[in-house]
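For reference, the structure discussed in these notes is given below.
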Protein chains: 2
Amino acid sequence: MFSKSCKYAIRAVLYLAIHSNAEHKLGVKEVAEALDVPGPFLAKLLQQLSRHHLISSTKGPNGGFYLSKANSNANLRGVVESIDGPEVFTSCILGLPVCSSNNPCPLHSRALIYRQGLLELVEDQTIKEVAKRVERQELKI
Amino acid sequence: MFSKSCKYAIRAVLYLAIHSNAEHKLGVKEVAEALDVPGPFLAKLLQQLSRHHLISSTKGPNGGFYLSKANSNANLRGVVESIDGPEVFTSCILGLPVCSSNNPCPLHSRALIYRQGLLELVEDQTIKEVAKRVERQELKI
DNA sequence: AGAATAAAAGAGTTTTTTATCTTTTTATTG
DNA sequence: CAATAAAAAGATAAAAAACTCTTTTATTCT
Ligand code: FES
Ligand code: FES
């Protein structure tokens, strides 16, 4: 469903939400090791998220990646859109050039339900809320 | 979501459902041109579907691909599983090694809803039923 | 039987995605 | 202000997915 990159990105964001804040930033290496994900690759992803202002970062000693208040009050949709592109939520499930109710493909009407589930997945809770649940219920990332 | 291969496969199966039967088989070329899909690549996909008995084929003059009665009374799930693998319906949305309610990832519970939508998409109508609707409503493939 | 036809199988090639390595820039601290 | 720590940027490499080409095998028709 999501690309591998996107899965890494979501997990990294949640890790940052739990373990970092403006006073305590994390290096790529720590995050990569915690998630068991290739470090240099994750670096690229975090840089991209940072460029799109979905996470925050500073250079230099004591620098690193972290989530600002604003970052963690957002939901995960932006993260997904930043990595996999916004089309994941709108494109035709059969790959036809446009998806529209005027010109639907054979699976269009049911695709809407599926897509609704997908949106709920990433939209109806903030990153902070997800992180809280992870801590309370000791979920794996 | 589905791989490109899988999208091609679904569309090809629907095309066969509409335009072929045991007495009138279609060559790869015709299907590929109708769907505007790379021919030799589609050939591989159809061969694979045929090996898994999701579509039917015969060699030689007047040979080609077609859907048997049994084929068109099945749903699309088998087609998807044959091309993209059965994991698409069961694997963790964040790519964790196992997906289970005992050991859920942060998105697991909502992932179930999403996955339900996905299953409905491919499971709760037969290929024949989809094909009928395509004909009646003149849908694009 | 022999020619023609069409899928099956096998062996490439290209493109995209995933992953690594190196250098540069920026901030911090002593 | 020098030394250092860390992200940013750039360039390269490996793996996977998408796509192509060639040969083989089965079937039909003359
Ligand atoms: S047209 Fe295919 S999903 Fe909407
Ligand atoms: S554990 Fe991640 S979706 Fe079930």
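Residue numbering restarts at 1 for every chain, and letters A, B, ... go by the order of the sequence lines.
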A/Glu30 CD to D/dA5 P, in whole Å, measures 16 Å

Rounded to whole Å, NZ of A/Lys29 lies from C1' of C/dT20 at a distance of 15 Å

* **Atom CD of B/Glu138 with >12 non-hydrogen neighbours under 6.0 angstrom** => no

Look at the aromatic rings of A/Tyr114 and B/Tyr114 and report parallel, tilted or perpendicular, splitting at 30° and 60°. tilted

Per the under-4.0 Å heavy-atom filter, residues of residues 3-18 of chain A near DNA chain D come out as none

Within residues 32-53 of chain A, the residues having a heavy atom closer than 4.0 Å to DNA chain D are A/Lys44, A/Gln47, A/Ser50, A/Arg51

- Between A/Arg77 and A/Glu123, does a salt bridge (charged side-chain N to carboxylate O under 4.0 Å, His left out) hold up when you go through it step by step? CA-CA 6 Å; A/Arg77 180 172 181 166; A/Glu123 256 196 344; 2.8 Å; yes

Sequence neighbours excluded, the answer for side chain to side chain donor-acceptor pair (under 3.5 Å) partners of B/Asn21 is none

Cation over ring, A/Lys7 on A/Phe2, under 6.0 Å and within 45°?
no

Residue set satisfying ring-ring contact (aromatic ring centres under 6.0 Å, His included) with A/His52, at least two apart, ordered chain then number -> none

- Query: Which part of the nucleic acid, if any, lies within contact of B/Ile55, taking any heavy atom under 4.0 Å across all strands shown: a base, the sugar-phosphate backbone alone, or nothing?
  - Reply: nothing

Notebook entry, point to check: Does the pair B/Arg110 and A/Asp124 meet the rule for a side chain to side chain contact (heavy atoms under 4.5 Å, CB included), with working shown?
Noted result: CA-CA 10 Å; B/Arg110 283 159 215 254; A/Asp124 70 355; 2.4 Å; yes

**Q.** Below 4.0 Å: OP1/OP2 of C/dT29 and any side-chain N or O of A/Asn62
**A.** yes

Under 3.5 Å, N/O pairs linking protein and nucleotides 25-27 of chain D:
unit_1, atom_1, unit_2, atom_2, d
D/dT25, O2, B/Lys59, NZ, 3.4
D/dA26, O4', B/Lys59, NZ, 3.4

The correct set of residues in residues 76-91 of chain B placing a heavy atom under 4.0 Å from DNA chain C is none

